[in-house]
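Comments concern the structure below.
Keep in mind the model is a prediction, meaning the values are calculated, not measured.
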Amino acid sequence: MTDQQRTGRPARRPGPHLRSAAGAALLAAALAAGAAGCTGSGGGSSDQQSAAPDQLAADPLTAVRNAADITGRTGSARTATELVTESAEKKASFSGTGGYDYVKRIGRLEVQVPPGAATTGKIVEVVLPGTVYLQNSGAKVPEGKWVKLDVRQLPDGNLVSSGATDPASAAGALRGAQKADAVGTETVDGVALHHYRGTLDLAKAADATGGRGGDGLRMGAQTFTAKEVPYDAWLDDQGRLHKVVEVFTFAGVAGSKEPKDQVKVTSTTALADFGKPVQAAEPSASDIYQMKPTESPK
């Protein structure tokens, strides 16, 4: 965590001591002290019914860009996530499970923290457009309480800093696809999946998503050093997203463009059980821990 984050001053990129993605989010929660809570609802393409039919488009780029909206019309989905951070000095892997309700626009993830991370214990994350709630047994927060953050308080927009990329953001990033090549068709659990590979632009994805739902994507676009984000996506015949792998890069040493100072984060999100109910609820106001300006959640 940078000195700017310790003092509560705005930071534009993860600091030089970002040793783990999960630790970054929990440390960044100190910024929540004294900050007003999020108000208003998120807009975005998930609210605006896409004109695209619920079938896979023949054009690869159109198919990839349509994936978020088509997937959103399934109502809900179970999810599994993996996030691997790699720097010159360290590699860490986070895994999580949960689900996302596209109707209520809320999701819940439980992320396992690997040994040696900046925090300990399981991270529970509740995500809504523009807002994230974090609960971690290894943090200095009373048991059962949550820390509430506006994603604009996190330099990466919460795309990687809590140890996972939430399902809505992972899919929403594909709205900014700039290149898409058809790799082939693979059968997974009896389902034919069409594999695409290309690059995406997070700033354009944020514009296409709109509202609070685009805030995290926009923050990531400002922070990550590789503006062309590589991705692989697997879609079914209906155009629904079953799996997406996105590779984000940021400077582990603030302002550095040296290859040795870059941190690569490979985020994998898999979706299944489309339409199956998801249990996710926004924490009540009484369960939100109000941190003091001098407190750190670590």
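- Minimum interatomic distance between Ala192 and Thr185 (heavy atoms only, all atoms of both residues): CB-CG2, 4.1 Å.
- Atoms CD and OG1, from Glu246 and Thr199 in turn, are 12.0 Å apart once rounded to the nearest 0.5 Å.
- Criterion: ILVMFWY side-chain heavy atoms under 4.5 Å apart, direct or through other members. Under it, Val64 and Leu193 are not part of a common hydrophobic cluster.
- Among all heavy-atom pairs drawn from Leu56 and His194, the shortest one is CD2-CD2, 3.3 Å.
- Side-chain contact between Phe224 and Leu159: present, with at least one pair of heavy atoms (C-beta onward) separated by less than 4.5 Å.
- With rounding to the nearest 0.5 Å, the separation of NZ in Lys148 from CD in Gln135 is 15.5 Å.
- Residue-environment remark: CD (Glu228) stays at or below the threshold of 12 foreign heavy atoms within 6.0 Å.
- Put simply, the side chain of Gln222 never gets that close to the backbone of Met219: no donor and acceptor are under 3.5 Å apart.
- Within the 4.5 Å cutoff, side-chain heavy atoms of Leu149 are placed close to those of Leu154.
- Note on Leu128 and Trp146: same hydrophobic cluster, where clusters join Ile, Leu, Val, Met, Phe, Trp and Tyr whose side-chain heavy atoms are under 4.5 Å apart, directly or indirectly.
- Inter-residue side-chain proximity for Arg212 and Arg152 is flagged as met; some heavy-atom pair is nearer than 4.5 Å.
- In this structure, OG1 in Thr249 is found 10.5 Å from NZ in Lys227, a value given to the nearest 0.5 Å.
- With hydrogens and angles disregarded, a donor-acceptor distance shorter than 3.5 Å links the side chain of Arg78 to the backbone of Pro277.
- Val263 and Ser87 get closest at one heavy-atom pair: CG2-CB, 4.0 Å.
- Checking Thr225 against Gln262 by side-chain atom types alone, a donor-acceptor pair falls below 3.5 Å.
- Residue Ser162 comes nearest to Glu125 through the heavy atom pair OG-OE1, 2.7 Å, listed as atom of the first residue, atom of the second, then distance.
- The main-chain N or O of His195 is never found under 3.5 Å from a side-chain atom of Asp232 such that the two would form a donor-acceptor pair.
- Of the possible donor and acceptor atoms, one in the side chain of Gln178 sits under 3.5 Å from a partner among the backbone N and O of Gly176.
- Side chains of Tyr100 and Val127 form a contact here, defined as non-hydrogen atoms less than 4.5 Å apart.
- Looking at heavy atoms from C-beta onward, Trp234 lies out of side-chain contact with Leu241 at the 4.5 angstrom threshold.
- By the 30° and 60° cut-offs, the orientation of the rings of Phe274 relative to His242 is perpendicular.
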_Stepwise side chain to side chain contact (heavy atoms under 4.5 Å, CB included) check, Tyr133 with Glu282_ = CA-CA 8 Å; Tyr133 295 89; Glu282 188 171 3; 2.4 Å; yes

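- Taking CG of Asp236 as the reference point, atom CD of Gln55 lies at 11.5 Å (rounded to 0.5 Å).
- In plain terms, the two heavy atoms of Gly220 and Leu202 that are nearest each other are C-CD1, 3.9 Å.
- Panel note: side chain Asp156, backbone Ser161; a donor-acceptor pair is recorded below 3.5 Å.
- Listed here is the closest heavy atom pair of Ala67 and Leu174: CB-CD1, 4.3 Å.
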_Evaluation steps, side chain to side chain contact (heavy atoms under 4.5 Å, CB included), between Leu109 and Val124_ = CA-CA 6 Å; Leu109 294 170; Val124 181; over 6 Å; no

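- For Lys104, the NZ atom is loosely surrounded, since the number of other residues' heavy atoms within 6.0 Å does not exceed 12.
- Ion pairing between Arg197 and Asp181 fails under the 4.0 Å rule for side-chain N and carboxylate O.
- Between the side chain of Asn158 and the backbone N or O of Thr165 there is no donor-acceptor pair closer than 3.5 Å.
- Here the side chain of Asp273 pairs no donor or acceptor atom with the backbone of Lys276 at under 3.5 angstrom.
- Ion pairing of Glu110 with Arg108 is present here, as a side-chain N (NZ or NE/NH1/NH2) and a carboxylate O approach within less than 4.0 Å.
- The hydrophobic cluster containing Val111 does not contain Ile106, counting ILVMFWY residues as joined when their side-chain heavy atoms lie under 4.5 angstrom apart, directly or transitively.
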*Verify side chain to side chain contact (heavy atoms under 4.5 Å, CB included) between Val247 and Tyr231, making sure each step is shown before the conclusion.*
CA-CA 6 Å; Val247 182; Tyr231 74 85; over 6 Å; no

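- When side chains are defined from C-beta on, Val160 counts as touching Leu83, because their heavy atoms get closer than 4.5 Å.
- Side-chain N/O atoms of Arg240 and Thr71 include no donor and acceptor closer than 3.5 Å.
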_Apply side chain to side chain contact (heavy atoms under 4.5 Å, CB included) to residues Val183 and Tyr196 and explain how you reach the verdict._
CA-CA 5 Å; Val183 177; Tyr196 300 93; 5.8 Å; no

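- Grouping the Ile, Leu, Val, Met, Phe, Trp and Tyr side chains by contacts below 4.5 angstrom, directly or via other members, places Val188 with Val245.
- Proximity of Lys122 to Gln112: side-chain heavy atoms (C-beta onward) are separated by under 4.5 Å at one or more points.
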_ring-ring contact (aromatic ring centres under 6.0 Å, His included) assessment of Phe248 paired with Phe250_ = CA-CA 7 Å; Phe248 307 111; Phe250 64 85; 9.7 Å; no

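- The existence of a salt bridge linking Arg218 and Asp215 is confirmed by a sub-4.0 Å separation between a basic side-chain nitrogen and an acidic carboxylate oxygen.
- At least one side-chain heavy atom of Pro283 sits under 4.5 Å from a side-chain heavy atom of Ile288.
- In summary, the side chains of Ser76 and Asp101 do not present any donor paired with an acceptor at a separation below 3.5 Å, with no hydrogens or angles considered.
- Taking a cutoff of 4.0 Å between a charged side-chain nitrogen and a carboxylate oxygen, Asp201 and Arg175 do not qualify as a salt bridge.
- Side chain of Thr269 to main chain of Thr81: no donor-acceptor pair is present (N/O by atom type, distance under 3.5 Å, no hydrogens or angles).
- In terms of hydrophobic clustering, with Ile, Leu, Val, Met, Phe, Trp and Tyr side chains grouped at heavy-atom distances under 4.5 Å, Val126 and Tyr289 are assigned to different clusters.
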